[in-house]
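Order of the sequence lines fixes the chain letters, A, B, ..., with proteins taken first and strands second; residue numbering starts at 1 for each chain. As the structure is a prediction and not an experimental result, all values here were calculated from the model.
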Amino acid sequence: MPSSGTERELLLTGIGGQGVQLAAQLVARAAVIDHREVMLFGSYGGMMRGGNTDATVVVAEGPILAPPTVPFAWASIVMHHDYWSFVKERLRPGSLLLVNTTVFRGEIPRDGLHVFDIPATDIAVDAGNIMTASVVMVGALSALTGLVSLDALLEAVPQSLPPYRTKHIELNQAALRAGFGSVARDALPAWDGARC
Amino acid sequence: MPSSGTERELLLTGIGGQGVQLAAQLVARAAVIDHREVMLFGSYGGMMRGGNTDATVVVAEGPILAPPTVPFAWASIVMHHDYWSFVKERLRPGSLLLVNTTVFRGEIPRDGLHVFDIPATDIAVDAGNIMTASVVMVGALSALTGLVSLDALLEAVPQSLPPYRTKHIELNQAALRAGFGSVARDALPAWDGARC
Amino acid sequence: MTSQLMEGSGAIAEAMIAAGCRFFAGYPMTPFTEVLEHMAKRLPVVGGACVNAESELEAIGMAWGAAATGTRAATGSTGQGLSLMQESIAEAAMAHLPLVILNMARAQGDYFQATRGGGHGDYRTPVLAPMDVAEATQLAQLAFHIADTWRNPVVFFGDYYLAHTYQSVDIQPIDFGPVPAKDWALDGSSSGSGRAKLVSPLGDTKQRDNVGYDLSDYYMRAAAKTTAMIEGLDRLVDIGHCDDADLVVVAFGTAGKYVRYAVDQLRAEGHRVGYVRPISLFPFPDAALRDAATGAKLVAVYENNQGQMIDDVRLSLEGAVPVRFIGGLSLDSSGFGIAPDFDVEVLRRRIDAVLTDLGGTP
Amino acid sequence: MTSQLMEGSGAIAEAMIAAGCRFFAGYPMTPFTEVLEHMAKRLPVVGGACVNAESELEAIGMAWGAAATGTRAATGSTGQGLSLMQESIAEAAMAHLPLVILNMARAQGDYFQATRGGGHGDYRTPVLAPMDVAEATQLAQLAFHIADTWRNPVVFFGDYYLAHTYQSVDIQPIDFGPVPAKDWALDGSSSGSGRAKLVSPLGDTKQRDNVGYDLSDYYMRAAAKTTAMIEGLDRLVDIGHCDDADLVVVAFGTAGKYVRYAVDQLRAEGHRVGYVRPISLFPFPDAALRDAATGAKLVAVYENNQGQMIDDVRLSLEGAVPVRFIGGLSLDSSGFGIAPDFDVEVLRRRIDAVLTDLGGTP
Amino acid sequence: MLTRGHVVIDTEACKGCDLCIDACPPKVLVMTTHTVNARGYRYPLLAPGCTGCKACSQICPDFVFQVYKLAVPVDVSLDELSETGESR
Amino acid sequence: MLTRGHVVIDTEACKGCDLCIDACPPKVLVMTTHTVNARGYRYPLLAPGCTGCKACSQICPDFVFQVYKLAVPVDVSLDELSETGESR
Amino acid sequence: MSGLRVKRVEGLRVLSTREAPADARLVDDFTPSLIDVGAHHLCPGCGEPIAMRSVLEIIEELGVINRAIGIFGIGCYTGFSNNLDCEVLQALHGRAPSLATGVKRAKPDTVVFTIQGDGDMVNEGLQEVIHTAARGERVTCIMLNNGVFGETGGHITATTVLGQRTKNTLEGRDGREHGYPIRLSNMLADLEGVAFVGRCAVNSAGNVARTRKMIQRAFEAQLNDEGFSFVEILTMCPTGWFIETQEAPEYLTDKLAATHTLGVVKDIAAR
Amino acid sequence: MSGLRVKRVEGLRVLSTREAPADARLVDDFTPSLIDVGAHHLCPGCGEPIAMRSVLEIIEELGVINRAIGIFGIGCYTGFSNNLDCEVLQALHGRAPSLATGVKRAKPDTVVFTIQGDGDMVNEGLQEVIHTAARGERVTCIMLNNGVFGETGGHITATTVLGQRTKNTLEGRDGREHGYPIRLSNMLADLEGVAFVGRCAVNSAGNVARTRKMIQRAFEAQLNDEGFSFVEILTMCPTGWFIETQEAPEYLTDKLAATHTLGVVKDIAAR
Ligand SMILES: Cc1ncc(C[n+]2csc(CCOP(=O)(O)OP(=O)(O)O)c2C)c(N)n1
Ligand SMILES: Cc1ncc(C[n+]2csc(CCOP(=O)(O)OP(=O)(O)O)c2C)c(N)n1
Ligand code: SF4
Ligand code: SF4
Ligand code: SF4
Ligand code: SF4
Ligand code: SF4
Ligand code: SF4
Ligand SMILES: [Mg+2]
Ligand SMILES: [Mg+2]
């Protein structure tokens, strides 16, 4: 029986056009750069715009035991109020919740959760592109928790974009930095010690 | 569990061109005309002439329990020495054996069997066609045992020939009569009483 | 009608016609070929249609189309041809199509394919395996009744002996009772009515308010229907001499006829042996077998393959009685006939050997 | 090489290439499509060939041809496509062709098809079912090793999650030891030598003195080879927490990963529950399962279908431990994803219910 | 502009593909530039001059158009019209 | 008859199909009428005049013929020959 | 009196298109009456719904509605079959022509048509349609040819034109490596038993009109017992072609139609 | 000196054909060297062994023996595959062209040919050969066309000519009921990627000679990397035609070849 180290589950949810899948890819690739094990499962509502899109990322110190869709998440990034109920029921007491306050409408239960209000879409617009809102969130997550390092995230950007999108590299790196700078550092460290 | 009346198993064997399959068909159709149950399974060696050909016919008073190929035969018609070993091992003490002496070469074990030597091919030639030798044998079997009646056999001839062979009807009927007349009557009755 | 001498394949064809089959499509393959020939000759005469399809895939497609119009339809093949049809059989089950499929098998190695479904997914098809021509003429008719009752494909599992044995048969239409009205069948008349019909493996209702198919709902309903069918179907079986048997021999189809014959003989000689011959291979007559085997020291399975039905025998008994395999693959060299082992003597020897192991009655 | 983030389908493709696969043919069908795309991109680069076949029938035909030359070859599909390939899989087994077939299944309903052989006859194919991408990269390689060792098609049984999950993997060629030399493989060089080779489902030797094929002899030898293969193959299984378990849960593939995860949690909470995850679905790890279940009060089977592997579980246990089904068909509406039921919480609830029935530890 | 026809546009059904724009012979359909429907798609607007030719409805993949022929052709000039104006 | 070729005939392999008879350009092959081989088939006989053209061997489905060209053409008239005669 | 109201949108003064003018006559409704629900999951700019609309309109116009049965293949259009007020028999991928044969032979009075994609018809089920055509079955087969598997995301089919980039021919279709496109209409036209074959497109209003004519002629061939009839409709697939929706009509003309040329290929009545 | 001996058979004085004259030169042996065993189970007068002989002779003559692989379909000729001294890969019914593709792509240096019947190729596997041809695979497909399923005993195929009586078209093939014959060679010739197509027959020595020429050209097309090549050989099937062996050659000319006309159908080198 493999007994793994800590596994950190991250859920991302939003609607099409917010860059959720790219954000998830960035986290996953950054985790590899940080020499961690990682698993990512994404799903999105097909061809029509405005559909839901979500992703599960698990980062761990050893082989990952968690299945592709996890029952409970250590942290979550919520970009839009649609479809957030799926995330809600998977949060545990103590889970981390990053909310895109620019867009989110509705009540957020704050008892027992570590909630961070982040005006991600605003920050993204300021950083140059509204489409990078989710990437902003990932930058913030990195600052808050060190789940993945900022350096790794920055390095992951070119790997995660298709060849014909290389012109977007700097835009996304800027968004990461903007998000990273928008919150306190190490508020809730993901890992014991400091491997990265 | 159906419990059937007497089942009479007849094996026929010969080589291509001797009319074995037609003879088997005649017995089977005659049995139906005689209001008996019947089963016939024939096999022949495909396209090439001179191959073996054999058939199993079971005639019974009730539903037939015997499978298509029987372990033991009540009677057999052997037209040629090739392939007769298959028949030999299926004869019981008391089984009836009609041998085409015109063609057969080799030893016939006579102990315990009721063997009848019939120059079927000679009779067939005399009756008009060398190809009807097996039909001659069937006529003889009818006379010896009443397994099927001569009348039924005669009636079965037109049913058993394809449309383009109607000119052969009389030829085969003549062969049946010649065979019937070539042996003693009722030497070994197939059935108790005389339903036909 | 009085008894007629018919070759098995012809008798099966006539029985299908007696059952109201009015569409047939097939592609030649021994020993299925003669059924096709007979249908090609006879169907037009009775107002039906037979298409000499250009392949098995096309044959089952045509039968699918005809069945969707509510016409009693059948197709079939052998070995390779049946395998090619697996996609369609699986999906025809999902589309709730009553369709009769003849598997005129070359040996008994297609047992798993027929009973587990060789196709994808969770469908199942009832399977009927006659032991001889007389039984075949009844089961061929029953197959259509089951197909219509449950709107599901039904497999008729025959073989070379069945196809090529002549027997005196008296084919009469059998009344198995009413079947549900085919109000789902297509003829174009509901088009433009606002309630146009749909026959599809993806769903059975037009989504008037919604877009696309709700697959998950439909699949769950299909699964429930299959479960109901399995529970609702009679499990046919022929049992003999089992009451006080030390040994029960299980066999199906033509092999079952040989086993019956051998067991009858052994019984007559005083051996305490019985037989169970499953007639419906799916659903398998598990309870009947278990009953029949209760008290026996051993259950022996004879099948003309490397051991397939034995799984169902063991699943029926679940360890209550030990099970031994006495069958095995056996083919004649032409590839058409079934088995040199289809020989009562060979069988008797195998059963005798088991009886001796058990302590040798009588 | 260091770890790389790869989508499951890409990782499977790379693992096949690492195993020396140099021919691939396929026809798109979700979730098999991405494997094909990856092979189409990568094989030419490593000196192999990938053909975008015009149908599944043609795809497996091409793979058959390539395999006959001794090239490590693979194909695959999903659901309907796999069903279409059944004729070829059955006969490729008879022709002793080492061929790897990916079944990127949409649910687990193809268990019977894979393990019993959906085609005709008595062939069997080893079946490997990984639980995640990491295991898949190993089993994809093992599949080629088994195929070459036994000259038999091998089924790799994946699913939608496996295909579409990204994971950090480090793909290295695995050395499973030597395989027999492919002295049977065709390249034309034996033509005209007086000993020209033959690769056929009808026989493997030219009949120099005789005419035609001796099918019966060949089929008997093929059957014997299959038996030897079944006995010779390792029965792979992952077992956990079973030593003192009251309840043993059995599941395979992605479902197995969910069950493992749920059982780990329940154990951590003190429940006496263990799991058995068959990795080789055929041959089934029957003895290991029986061992693991000895002492348990109940064995529960979770599979994403209406109950198929449960037959193998029951055949393994033969009544020694009661068996209960806690799975069931469950599909998301797109028809692509597997199951809303693939949820650790749903599973926990089902297992909890069984535990409560058993008397509720802790 | 002489206007012989008119179209009703189900803007919520539109997927913004632009096919109608090119298909319209008198080029009286124009795409919104800033406004989108609930699913985020731009959609067509109608300028005067429609002939009721059905080209738009025949080519629209999403069945967005209903086409009418006016009983009497009218000469509509937008500039002349008040915001809520009836034609002549 | 001027004879430039000769054939060896594997009469036991023949299936009596007659194809060679029609195929032979100088028509020097003739079928037996009463004699059959062990499998019951009639088979061809060779009259003088063979040209060694290979038509028979190329068309025979049962590979019954071996065809030779004579080193020197000979004029064979059967009537002139003794039963065991060598050609001149 | 026509009541056209003006409103202002995005700075433009345009006509209000919410409702019809009072005294106007409806000449084309949102959907033909044989479409229950217009909404569908197909992509923006997809040509398939346009083609399907034409088929259903012709069926309506010919007055054969209540004996029409449509047999659908598997492709993007499949989901749309659920929206129709026309009887639908769903086939497996590639098999529709055989189902059509079975339907027509069992019920000769029906009007039977198939809707299939190029992948369905020229890849998976090529021999089905050829055999059905050679048999001269009295059915009408309609192929929606976009030169790709749209449904799977844009892969090469047997009709993909040379040079076209697809997901599994990343450098474009190369004849030597990936083979050459099959021009199915031309192939079918050579068969006896085939009454009508036409190739058309839905990339412009004019082409839609020509498409309707061919569909009409094809159904007439069936109704007149002339033989098998076939219409190949080139449809836009911006998603599978990896281009913008606006570019698709021109791409169709320049690429697809350059190989698969438009026009009536065979009409036995025209002889 | 040629030693021709005379003997008497059936009253005729004929030449002894037991042995060769001493000084004669062998110009044609019983079987080509690539046939191990001449004896086979095919019927008297069957055209298939004649065609097969020609194929093997050409392979020998071209000197490509030790890279030749034959891929056999399922039909009467299948049993004969066992008699060859040529590597044989046995395919399932209809599937040979795909196997050929796999072999050739995996081992481009081999010389790959298929032997298939009309039932195998135009019925069960029609799309296999069309796709393979359209792909321009560098393989040579050879069809033995006798217009029936010989193996099953004489049933209609997709090439059976109109009017022909078969076991399942007892009144003769009727176009309206059973469809019209497909002329495969003509169909394939229209495909790009196809280098050579020829139709020939083995019903006379002259036709056998022409058959050999076409086979040779077809293999050359493969060797020269020109594309796909195809030879359709009309063969006699007296058994499946229900006629005497002697009548078969003429029947072939009058019936089969009247629909499936002989000659080179396409040769890109001849352009
Ligand atoms: C047997 C089988 N193989 C593969 C698939 C997957 N599949 C679904 S649609 C499709 C392609 C459809 O292409 P086309 O017919 O051209 O229609 P389009 O999507 O372009 O409209 C494929 C390959 C399937 N459903 N069934
Ligand atoms: C899938 C499948 N279907 C049917 C058969 C039965 N079958 C064997 S050979 C044959 C016909 C062969 O005809 P053809 O290819 O024309 O060859 P011929 O016998 O005429 O030489 C058929 C239908 C088979 N072997 N496999
Ligand atoms: S009906 Fe004709 S003119 Fe009017 S908007 Fe539509 S396309 Fe333009
Ligand atoms: S064609 Fe239809 S969907 Fe496309 S932009 Fe115009 S109205 Fe919208
Ligand atoms: S070689 Fe020519 S001439 Fe001589 S027998 Fe043969 S066909 Fe006749
Ligand atoms: S062609 Fe051959 S088989 Fe036929 S008769 Fe002549 S020698 Fe005999
Ligand atoms: S992928 Fe292409 S064919 Fe499919 S819906 Fe989108 S545009 Fe239409
Ligand atoms: S049936 Fe026809 S093709 Fe087959 S061996 Fe006989 S003659 Fe030849
Ligand atoms: Mg398409
Ligand atoms: Mg043929």
Side-chain angles (χ1 to χ4, degrees), chain E residues 3-25 28 30 32-35 41 44-48 50 52-74 76 78-79 81-88, chain G residues 1-32 35 37-40 42-54 57 202-209 211-212 235-236 238 244-246 248-250:
Chain E
T3 298
R4 284 171 295 180
H6 190 71
V7 293
V8 173
I9 301 181
D10 179 0
T11 54
E12 284 309 306
C14 174
K15 289 186 190 143
C17 70
D18 273 51
L19 292 186
C20 54
I21 306 296
D22 286 346
C24 174
V28 293
V30 285
T32 60
T33 49
H34 292 78
T35 318
Y41 294 114
L45 304 169
L46 180 69
C50 171
C53 72
K54 308 194 293 186
C56 53
S57 63
Q58 289 287 310
I59 207 158
C60 172
D62 289 275
F63 313 113
V64 170
F65 296 95
Q66 219 178 17
V67 182
Y68 290 85
K69 287 265 191 198
L70 301 187
V72 187
V74 292
V76 185
L78 282 180
D79 297 336
L81 295 170
S82 74
E83 297 271 317
T84 56
E86 296 284 319
S87 69
R88 263 176 294 178
Chain G
M1 273 293 291
S2 106
L4 298 178
R5 286 190 302 171
V6 171
K7 58 175 193 166
R8 188 187 296 272
V9 181
E10 305 195 346
L12 293 173
R13 296 172 80 194
V14 292
L15 298 175
S16 166
T17 54
R18 271 191 205 287
E19 59 221 15
D23 56 351
R25 179 170 51 89
L26 180 67
V27 291
D28 207 2
D29 206 355
F30 295 115
T31 62
I35 293 181
V37 184
H40 54 71
L42 284 79
C43 305
C46 177
E48 297 187 337
I50 312 173
M52 219 112 65
R53 171 192 194 112
S54 304
E57 279 176 352
V202 292
N203 62 335
S204 71
N207 277 341
V208 170
T211 296
R212 290 169 44 97
T235 59
M236 293 78 79
E244 299 300 322
T245 55
Q246 303 94 302
E250 198 178 322

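For E:S57, the side chain to side chain donor-acceptor pair (under 3.5 Å) test picks out G:D28, with sequence neighbours left out.
Going from atom CD of G:E19 over to atom CD1 of E:I9 covers 13.0 Å, rounded to the nearest 0.5 Å. With values rounded to the nearest 0.5 angstrom, E:I21 atom CD1 is found 10.5 Å from G:T245 atom OG1. To the nearest 0.5 Å, atoms CG (E:L46) and CG (G:L15) are separated by 5.0 Å.
In terms of heavy atoms, E:A55 sits closest to G:A205 at CB-CB, 3.5 Å. Closest of all the heavy-atom pairs between E:L70 and G:L4 is CD1-CD1, 4.1 Å. The heavy-atom pair separating G:F30 from E:V8 by the smallest distance is CE2-O, 3.7 Å. Contact between G:A20 and E:Y68 at its shortest, heavy atoms only, is CB-CZ, 3.1 Å. For the pair E:L19 and G:P249, the tightest heavy-atom approach, listed with the atom from each and the gap, is CD2-CG, 3.5 Å. For G:P44 against E:C17, the heavy-atom pair with the smallest separation is C-CB, 3.9 Å.
The part of G:R18 that comes within reach of chain E is its backbone (N, CA, C, O), which places non-hydrogen atoms under 4.5 angstrom from that chain. When heavy atoms are compared at a cutoff of 4.5 Å, E:V30 approaches chain G solely by way of its side chain, counted from C-beta outward. Neither the backbone nor the side chain of G:E48 comes within less than 4.5 Å of any heavy atom in chain E.
The residue among G:V208, G:D29, G:T31 with the most heavy atom pairs within less than 4.5 Å of chain E is G:D29.
Using modelled atom types, one side-chain atom of G:E10 and one backbone atom of E:T35 make a donor-acceptor pair closer than 3.5 Å.
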